[in-house]
2 protein chains.
Amino acid sequence: MRLSQGVEWALHCCVSLTQAAEPVPAARLAELHGVPTAYLAKQLQALSRAGVIHSIPGQMGGYVLTQPPSAITALQIVVAIEGDVPVFQCTEIRQNGPLGVDPAKCSKRCAIARAMATAEHAWREALAEISIADLVAGIDADSSNTAIDGLRRWLATG
Amino acid sequence: MRLSQGVEWALHCCVSLTQAAEPVPAARLAELHGVPTAYLAKQLQALSRAGVIHSIPGQMGGYVLTQPPSAITALQIVVAIEGDVPVFQCTEIRQNGPLGVDPAKCSKRCAIARAMATAEHAWREALAEISIADLVAGIDADSSNTAIDGLRRWLATG
DNA sequence: CCAATGCGGATATAAAATATCCGAGTTCAA
DNA sequence: TTGAACTCGGATATTTTATATCCGCATTGG
């Protein structure tokens, strides 16, 4: 079980977009992060479909955040890239075998699925507590402001 | 991102083993749950390597729990099947591109990796709070004791 | 000694993640 | 108005992972 690395790219891209005054093309974000352009474009499309970022076509086009950094959560980004499917997917094996439970009596999820869903909920709640603004602040603190400042300058120099 | 279905099988098997007085062969667990024997055997081997269950070879052999149900957690089982790798694996893309951070200055994890690890920790803590005994109790409550009783009887009739 | 069982490796198949390309639409400048 | 350059978007290969199976070996109990 592993989160697609597209999630990592998407998080970094959203952090970078907070420092851009104008739309940033996918190719430029790919160059900045040293990742393949075409594949990153796919992740950005997913973010766009999920409404996290907005795409602007045309010569001066690119991507911009749709909301202020404090309003975008890590959960939104994870769901945008990975989809909204549960991590633990119950296949109802309680209905199988010689002691299989009658499907008509399975309107309620089984105890195992409920327990796993509870744990997953804790993960999602923690992700929802993380905003892009928090991540920017964390990077800022790590680098004594040089990283974020450098980022803003690099994005400004077309 | 999805948890292998081996986790579901392993959880059900551990619940079933709580009701067995003698070692239960892999083939019998597979029959009980209506899943392919050969593949379930692989998951049971993983549980055995992790020390969650104990394997007894020979004619009267099979699997038994190594600890009381209240001492076995869902986290142990997830780790046994999926491995102990983190869900979010940071590939250090902050070191890439024109603004790449000097690798020598990356002894500390980046802010994004830290935030994701925090959320993952919440998930693991929640899983560690779930014991096999809890799951048995939950199933018992769902079925007015018929499911667990039936299970014990079926396992007793060799 | 024989039958039944778990263990490990080797192997095939199915699904998903990864990586890439080309077409449709939009914007800007001449 | 026209065209050209640039953008995103979806459809398409390739690689990796998960799923599923099988067979030989060691061990145990009858």
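Note on naming: letters A, B, ... go to the chains in the order of the sequence lines (proteins, then strands), and numbering restarts at 1 for each one.
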Main-chain N/O of B:V7 paired to B:Q43 side chain as donor or acceptor, under 3.5 Å | no
Would you indicate what B:A26 reaches in the nucleic acid, counting non-hydrogen atoms under 4.0 angstrom: base, sugar-phosphate, or nothing?
-> sugar-phosphate
Starting from C1' on D:dG9, measure out to CZ on A:R49 and report it in whole angstrom.
-> 9 Å
Counting N and O atoms only, with roles assigned by atom type, does the side chain of A:Q67 sit under 3.5 Å from a partner on the main chain of A:V52, one being a donor and the other an acceptor?
-> no
Inspect the contact between B:R124 and B:D84 and indicate whether a charged nitrogen and a carboxylate oxygen are less than 4.0 angstrom apart.
-> yes
Spacing of B:E22 atom CD relative to D:dT28 atom C1', expressed in whole Å = 15 Å
Separation of D:dG9 atom C1' from A:L47 atom CG, nearest Å, is 14 Å
Check the distance between C:dG6's C1' and B:L44's CG and give it to me in whole angstrom.
-> 10 Å
Tracing side-chain links under 4.5 Å among I, L, V, M, F, W and Y, which residues wind up in one group with B:V85?
-> none
Any residue meeting salt bridge (Lys or Arg N to Asp or Glu O under 4.0 Å) with A:D142, in chain and number order, not counting sequence neighbours = B:K108, B:R114
Crowding at CD, A:E22 (>12 non-hydrogen neighbours, <6.0 Å) | no
Rounded to the nearest angstrom, tell me the gap between atom NE2 in B:H54 and atom P in D:dT27.
-> 14 Å
Remaining members of A:I56's ILVMFWY cluster at a side-chain heavy-atom cut-off under 4.5 Å?
-> A:V64
Does a nitrogen or oxygen in the side chain of A:S55 sit under 4.0 Å from OP1 or OP2 of D:dT7?
-> no
When you check every protein heavy atom under 4.0 Å of nucleotides 11-25 of chain D, what one-letter string (B, S, -) results, 5' to 3'?
-> B------SBBB----
Would you mind writing out the side-chain donor-acceptor pairs for residues 13-21 of chain B within the sub-3.5 Å range, not counting sequence neighbours?
from	atom 1	to	atom 2	distance (Å)
B:S16	OG	B:H12	O	3.0
B:S16	OG	B:H33	NE2	3.0
B:T18	OG1	B:V15	O	2.5
B:Q19	OE1	B:R152	NH1	2.7

Go along nucleotides 23-30 of chain C 5' to 3' and tag each nucleotide: B for a protein heavy atom under 4.0 Å from its base, S when only backbone or sugar atoms are that close, - otherwise.
-> ---BBB--
